[in-house]
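One structure below.
This structure is a prediction, so every number in the text was calculated from the model and none was measured. Keep in mind that the numbers below use all heavy atoms, side chains included, and drop hydrogens, waters and symmetry copies.
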Amino acid sequence: MLTIMHQDILTLLKNKPIMIYLVLYPPLLILVTGFVFSGIFSDDVLTSYDYYGVTMMIYLSMATVIILPEMLFGSHVKYANYRIIYAPIARAKVYLSKLLVSIGFAYIIMAAYMLLFNTIGLVDFGGKNIGGLLLLDLVFVIFAITFGGAFCVIIRNEDLSTNLLNLLINVFAIASGLFFPMTIFGKKIAAIADMSPIAKMADSFFGIIYDHNFHELSSTIGILLLGSFIFLVIIHVLNFQVKCNDDNEFLIVV
C-alpha cells in the first residue's frame, strides 16, 4: 500500500489543475474577495478579510470533493488503476491509498494557510483557539473528499460527476451566504439560507472564533464522521470490481 501511496503522491504533484487549486487559489481567492467586498464591512469587529477568510476556507475545503474522483477515474490514472486491480492485493488498498493521499494533501495545505493567515493577522481564525477550527476543518475535508468519491462511483463517469459536483458546491456556497451575507437580501432570505448545512458550518467556525463556543463542535464532528463512514462504505461496495466472463477472462467493472 505504501508503494501505491508513493505513486499517488507523485501523480497528484504532476496534476497541475489540482495543485494550482490547492496552492495558489486559497490566498488569491481570500485576498480578492476580502478587497472587493471591504466596503460592506464596518471593520469594527469583523473585517472583510476575517469574513471571507473563514467562508472561503470553508468553500475551498468543500471544493476538495473533486480530488478523489480525479484520483480514481481521471483519464491519466484510470488505466494504471486497472493494472493495479490485477495485482494480488486487497482491492480496498487501491482506493484507501488515494483517499489518504487526497485528504493529506488537501488538509495540510489548507491548515498551513489557516495557520499563516492567523499568525500574520490577515484573518482571525480564533487566535489561540485555532486548534478547534483546524480539527473541524480536517473532519470537513474528510467528509468532502469521501462524498466526492462516493458521488463518482455512483455516477460512474468522472467528467460528468466532476461537472455536477462543481455546480453543486457553487450553488450551495452562494445559497449558504459564503460569498456574501444573505442579510443583504432581507431577514426572510437570510433565515432560509441559515438552514443550509454549509451555513451551519460557518456558524460553528464563527461561534468558536468570536464567542469561544465549542458546544456544537463535538456534535458537528460526529455528524460529519458518520457521513464520511457512509460514503466510505459506498466507495468500497461500488469501487473497482473484477468479474469473470463466460470465456474465463477477467473484466473490470467500474
Side-chain angles (χ1 to χ4, degrees), residues 22 26 29-30 33-34 41 45-65 67-68 99-100 102-150 168-169 172-183 190-234:
L22 289 175
L29 184 62
I30 291 172
T33 52
F41 290 83
V45 177
L46 179 69
T47 70
S48 60
Y49 290 99
D50 290 333
Y51 180 82
Y52 285 105
V54 172
T55 58
M56 290 302 100
M57 192 58 65
I58 294 173
Y59 170 75
L60 291 163
S61 298
M62 181 172 59
T64 58
V65 295
I67 298 178
L68 192 54
L99 180 66
L100 292 173
S102 299
I103 292 172
F105 254 90
Y107 178 69
I108 288 172
I109 294 173
M110 298 296 174
Y113 276 124
M114 289 176 67
L115 288 167
L116 174 63
F117 294 153
N118 189 67
T119 300
I120 66 177
L122 178 66
V123 180
D124 183 2
F125 279 114
K128 295 181 180 180
N129 291 326
I130 193 174
L133 297 185
L134 291 172
L135 177 60
L136 185 56
D137 191 59
L138 170 60
V139 179
F140 189 49
V141 168
I142 294 173
F143 176 85
I145 289 179
T146 53
F147 171 73
L168 285 174
I169 61 176
F172 268 105
I174 294 173
S176 302
L178 294 187
F179 288 102
F180 40 79
M182 298 304 286
T183 52
I192 295 173
D194 286 340
M195 297 172 64
S196 164
I198 306 304
K200 297 296 184 184
M201 279 291 301
D203 290 342
S204 296
F205 269 74
F206 285 119
I208 293 173
I209 295 171
Y210 296 103
D211 300 327
H212 308 294
N213 182 2
F214 293 85
H215 297 304
E216 297 183 2
L217 182 62
S218 58
S219 60
T220 302
I221 289 175
I223 293 171
L224 291 173
L225 288 177
L226 177 60
S228 301
F229 176 76
I230 294 172
F231 297 142
L232 185 61
V233 171
I234 294 173

> For Asn118, which residues count as a side-chain hydrogen bond (donor to acceptor under 3.5 Å, both in side chains) partner, sequence neighbours excluded?
Replying inline: none
> Could you go step by step and tell me if Thr33 and Thr55 meet the side-chain contact (heavy atoms from CB on, under 4.5 Å) rule?
Replying inline: CA-CA 10 Å; Thr33 52; Thr55 58; over 6 Å; no
> What do the steps show when you test Leu178 against Met62 for side-chain contact (heavy atoms from CB on, under 4.5 Å), and what is the final call?
Replying inline: CA-CA 11 Å; Leu178 294 187; Met62 181 172 59; 4.2 Å; yes
> Considering residues at least two apart in sequence or located in another chain, which fulfil the side-chain hydrogen bond (donor to acceptor under 3.5 Å, both in side chains) criterion with Tyr49?
Replying inline: none
Tabulate below the donor-acceptor pairs under 3.5 Å that side-chain atoms of residues 217-224 make, not counting sequence neighbours, or state none.
unit_1: Ser219; atom_1: OG; unit_2: Glu216; atom_2: O; d: 3.0
unit_1: Thr220; atom_1: OG1; unit_2: Glu216; atom_2: O; d: 2.7

> Sequence neighbours excluded, which residues qualify as side chain to side chain contact (heavy atoms under 4.5 Å, CB included) partners of Leu115?
Replying inline: Ile130, Leu134
> After noting the C-alpha distance and the side-chain angles of Ile58 and Val54, does the key distance pass the side-chain contact (heavy atoms from CB on, under 4.5 Å) rule?
Replying inline: CA-CA 6 Å; Ile58 294 173; Val54 172; 4.2 Å; yes
>> Test: ring-ring contact (aromatic ring centres under 6.0 Å, His included). Region: residues 201-223. Which pairs qualify, not counting sequence neighbours?
In response: Tyr51-Phe206
>> Please enumerate all residues that pass side-chain hydrogen bond (donor to acceptor under 3.5 Å, both in side chains) together with Ser102, with sequence neighbours excluded.
In response: none
> Which residues pass the side chain to side chain contact (heavy atoms under 4.5 Å, CB included) test with Leu232, sequence neighbours left out?
Replying inline: Tyr95, Leu96, Leu99
>> I'd like to check the ring pair (Phe, Tyr, Trp, His ring centres under 6.0 Å) partners of Tyr59; sequence neighbours left out, ordered by chain and number.
In response: Phe179
Run the side-chain donor-acceptor check on residues 138-148: report pairs under 3.5 Å with partners two or more places apart or on a different chain.
unit_1: Thr146; atom_1: OG1; unit_2: Ile142; atom_2: O; d: 2.8
unit_1: Thr146; atom_1: OG1; unit_2: Phe143; atom_2: O; d: 3.0

